[in-house]
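Structure record follows, encoded as structure tokens.
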Amino acid sequence: MIKSINVKKNTIANYLGQFYTIFIGIFMLPFYLEYLGAEEYGMVGFFTLLTSIMLLLDMGFSQTLTRETANLKDKLNGTFEIKITLRSIESMIGIFSILIFIGIFFSSTWIASTWLQIEYLSYLKVENCIKLIGFIIIIRWYVSLYNGVIIGFEQQIWLNIYKIFIATLRFVGGLVLIIYITNDIYHYFIYQAIIAIIEFIILHNKVYINLPKTKFIIPSFQPIKKIASFALGLGYVSGIWIIFTQLDKMLLSHYIPLENYAYFVLVITISNAIMQFSTPLSQAILPRMSSLLSNGKEEEMIDLYKKSTQFMSIIVFSVVSIIGTYSYELLYSWTGNIQAAIWASPVLFWYSLGNGILAISAFQYYLQYAHGNLKYHIKFNTYFALVSLPIIYYSVSNYGAIGAGKAWFIIQLIGFIVWPTFIHAKFARGLHSNWLKKDIFPALLMSTLYVYILKQIDINFEIYNRIEIFFILIVFGIILLFLNAIVYRSTRDIILKKIRFFK
């Protein structure tokens, strides 16, 4: 009972923290676009892209540390083993981080002068910004490791309070900087580097408070060797996945002007928010699924898997339906920039659909992760990437952002049709049909019917101002969220229980 409550508390805390992070980033973006300028904000978008790509550096160690911490934390001398493993990984990546920073430092000239299509910014300033980005990436590498350990300890309430604090410094503090002190993009990246250092100090101290105080530990290859197979499997899959998900964005940073890339950042910010709705849930259930399975409670693990799918379907289909149906209205009410809304809305439509499918498809990874068996995940992502990457390259190079969006949706749809069937047959035989019919289709069908009715009403948004449009869309989303919740028995019972309580 206590463990179940902990999962619920961690899930709620994760969603509150994630919602705040998503909200503050989305809310602040139009102000950054206005006060920095489109091309300067294009540099911020390029920074976000490089940060995502450089997750390749992690090599699966942060997720492996989450799993190792979850499995060892309650065992005799388990925290000591965690500390040895962490120290050894820290030492190893210290060497790689120096080499990677040198590589970014000396490639900054080529990136500024050849890769990016710059019109107004000086090449020297862009070079200096890229060097700072390299430093920030290295610091965040360590931050991701510490995040993994804290998630494994299931101290996610604390972690989300910290994330809210850092997000406020990063976004609100950054906005104060560019409005009242300086709107120089180089100074903005100096500020972000300072925030990265603060993150490192806070998380490093938090992790080591949870670990036993010992004399100096000599780093060893033995702990790394012990987890290397699982970590490298994760790292390989993560690497393929990052290339797969970021190739279109990297290519577009070269094929379209930096100013238009700033508009593309609008698309990525909103569509990525859809995927980020799955992150809090995964952080809460992955350690619990692994723990349940390791203790022989497979039925409880499957039940958690199914209820989590329902919960994700309620949220994802509600959000995607409104974003996809009213992409222009959403972008205009958000930014007030008609040009940006016209350019980005058709692209957002396809990316939002694709990322909605991707958020649901992630559950097959959760199942394999809990079993500690990623061989099918590795094989599928390898073959799928080999087929998909040429399609993405062709679509981007010939049809630009809209081609990238359509290709992304089609690829995700094909993957969803093929992959869950296979994984469920391997790890949860007999589950797939019920998983589709009972855990996914109810919210999908309700959302489809709801947006069909809305389109028949044919609302004239031109008579409303930006704030009114935004609140209309919010109301539409809340209504759909409620409708999707009541089509599932588990969530319907919770709602009825709450209603009886207030009576």
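- The aromatic rings of Trp343 and Tyr263 are tilted relative to each other, their planes meeting at an angle between 30° and 60°.
- Annotation: side-chain contact (heavy atoms from CB on, under 4.5 Å) contacts of Ile201 (sequence neighbours excluded): Ile197, Asn205.
- In this structure, Trp334 and Leu266 have side chains that are in contact, with non-hydrogen atoms separated by less than 4.5 Å.
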Show me the donor-acceptor pairs, under 3.5 Å and distance only, between side chains in residues 186-196 and residues at least two apart or in other chains.
unit_1 : atom_1 : unit_2 : atom_2 : d
His187 : ND1    : Thr182 : OG1    : 3.0
Tyr191 : OH     : Leu169 : O      : 2.4
Gln192 : NE2    : Arg170 : O      : 3.2

List the steps, then state whether side-chain contact (heavy atoms from CB on, under 4.5 Å) holds for Ile136 with Phe47. CA-CA 10 Å; Ile136 296 170; Phe47 162 58; 4.0 Å; yes
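- Aromatic pair Tyr365/His377: centroids less than 6.0 angstrom apart.
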Step by step, would you call Leu247 with Val396 a side-chain contact (heavy atoms from CB on, under 4.5 Å)? CA-CA 9 Å; Leu247 178 64; Val396 171; over 6 Å; no
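- Residues meeting the ring pair (Phe, Tyr, Trp, His ring centres under 6.0 Å) test with Phe349, sequence neighbours left out: none.
- The side-chain heavy atoms of Leu36 and Val44, taken from C-beta on, include a pair separated by under 4.5 Å.
- For the ring pair (Phe, Tyr, Trp, His ring centres under 6.0 Å) test, residues two or more places apart in sequence or in another chain that qualify with Trp419 are Phe380, Phe422.
- Atoms CD1 and CG, from Ile24 and Leu175 in turn, are 9.0 Å apart once rounded to the nearest 0.5 Å.
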Decide yes or no on side-chain contact (heavy atoms from CB on, under 4.5 Å) for Leu29 and Val265, but give the supporting numbers first. CA-CA 9 Å; Leu29 195 153; Val265 172; 4.2 Å; yes
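- For Gly134 against Ile104, the heavy-atom pair with the smallest separation is CA-CD1, 3.7 Å.
- Taking the six-membered ring wherever Trp is involved, the centroid distance between the rings of Tyr369 and Tyr366 does not fall below 6.0 Å.
- Counting only heavy atoms from C-beta outward, the side chains of Ile151 and Leu159 approach each other to under 4.5 Å.
- Phe23 has its ring centre no less than 6.0 Å from the ring centre of Tyr20.
- Residues Phe384 and Ile411 form a side-chain contact, since some pair of their non-hydrogen atoms from C-beta on lies under 4.5 Å apart.
- Partners of Glu468 under the side-chain contact (heavy atoms from CB on, under 4.5 Å) rule, at least two apart in sequence or in another chain, are Tyr464, Asn465.
- Within the structure, the side chain to side chain donor-acceptor pair (under 3.5 Å) test picks out the following pairs touching residues 394-413 (sequence neighbours left out): Asn355-Trp408.
- The distance from atom OH of Tyr142 to atom CG of Asn147, rounded to the nearest 0.5 Å, is 15.5 Å.
- Residues satisfying the salt bridge (charged side-chain N to carboxylate O under 4.0 Å, His left out) test with Lys249, not counting sequence neighbours, are none.
- Taking each heavy atom of Ala112 and Val126 in turn, the nearest pair found is CB-CG1, 3.7 Å.
- The 12-atom threshold is exceeded at OH of Tyr162, counting heavy atoms of other residues, nucleotides or ligands nearer than 6.0 Å.
- No side-chain N or O of Asn183 forms a donor-acceptor pair with one of Tyr32 less than 3.5 Å apart.
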side-chain contact (heavy atoms from CB on, under 4.5 Å) between Ile410 and Trp350, intermediate numbers included: CA-CA 9 Å; Ile410 292 170; Trp350 294 108; over 6 Å; no
Under 3.5 Å donor-acceptor pairs involving side-chain atoms of residues 311-328, not counting sequence neighbours:
unit_1 : atom_1 : unit_2 : atom_2 : d
Ser313 : OG     : Thr309 : O      : 2.9
Ser313 : OG     : Asp439 : O      : 3.2
Ser318 : OG     : Ile314 : O      : 2.6
Ser318 : OG     : Asn484 : ND2    : 2.8
Ser321 : OG     : Phe317 : O      : 2.5
Thr325 : OG1    : Ser321 : O      : 2.6
Ser327 : OG     : Ser345 : O      : 3.2

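- Applying the ring pair (Phe, Tyr, Trp, His ring centres under 6.0 Å) rule to Phe105 yields no partners; only residues at least two apart in sequence or on another chain are considered.
- The CD1 atom of Ile130 lies 7.5 Å from the OG atom of Ser107; values are rounded to the nearest 0.5 Å.
- More than 12 heavy-atom neighbours from other residues, nucleotides or ligands sit within 6.0 angstrom of CD1 on Ile198.
- Taken to the nearest 0.5 Å, the CD atom of Glu199 stands 10.0 Å off from the CZ atom of Phe165.
- Counted within 6.0 Å of CD1 on Ile467, heavy atoms from surrounding residues, nucleotides or ligands total 12 or fewer; the atom is thus considered open.
- Considering only heavy atoms from C-beta on, Lys206 comes within 4.5 Å of Trp158 through its side chain.
- The salt bridge (charged side-chain N to carboxylate O under 4.0 Å, His left out) pairs that include a residue from residues 120-149 are Lys125-Asp184, where partners are two or more places apart or lie in different chains.
- Pro30 has its side chain out of reach of Asn337: every pair of non-hydrogen atoms, C-beta onward, lies at least 4.5 Å apart.
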Validation: residues 114-121 side-chain donor-acceptor distances under 3.5 Å, sequence neighbours left out:
unit_1 : atom_1 : unit_2 : atom_2 : d
Trp115 : NE1    : Ser253 : OG     : 2.7
Gln117 : NE2    : His254 : O      : 2.4
Gln117 : NE2    : Tyr255 : O      : 3.4

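- If you run side chain to side chain contact (heavy atoms under 4.5 Å, CB included) between Ile478 and each of Leu480, Val475, Ile474, only Ile474 comes through.
- Listed by chain and number, the residues in a ring pair (Phe, Tyr, Trp, His ring centres under 6.0 Å) with Phe46 amount to none (sequence neighbours excluded).
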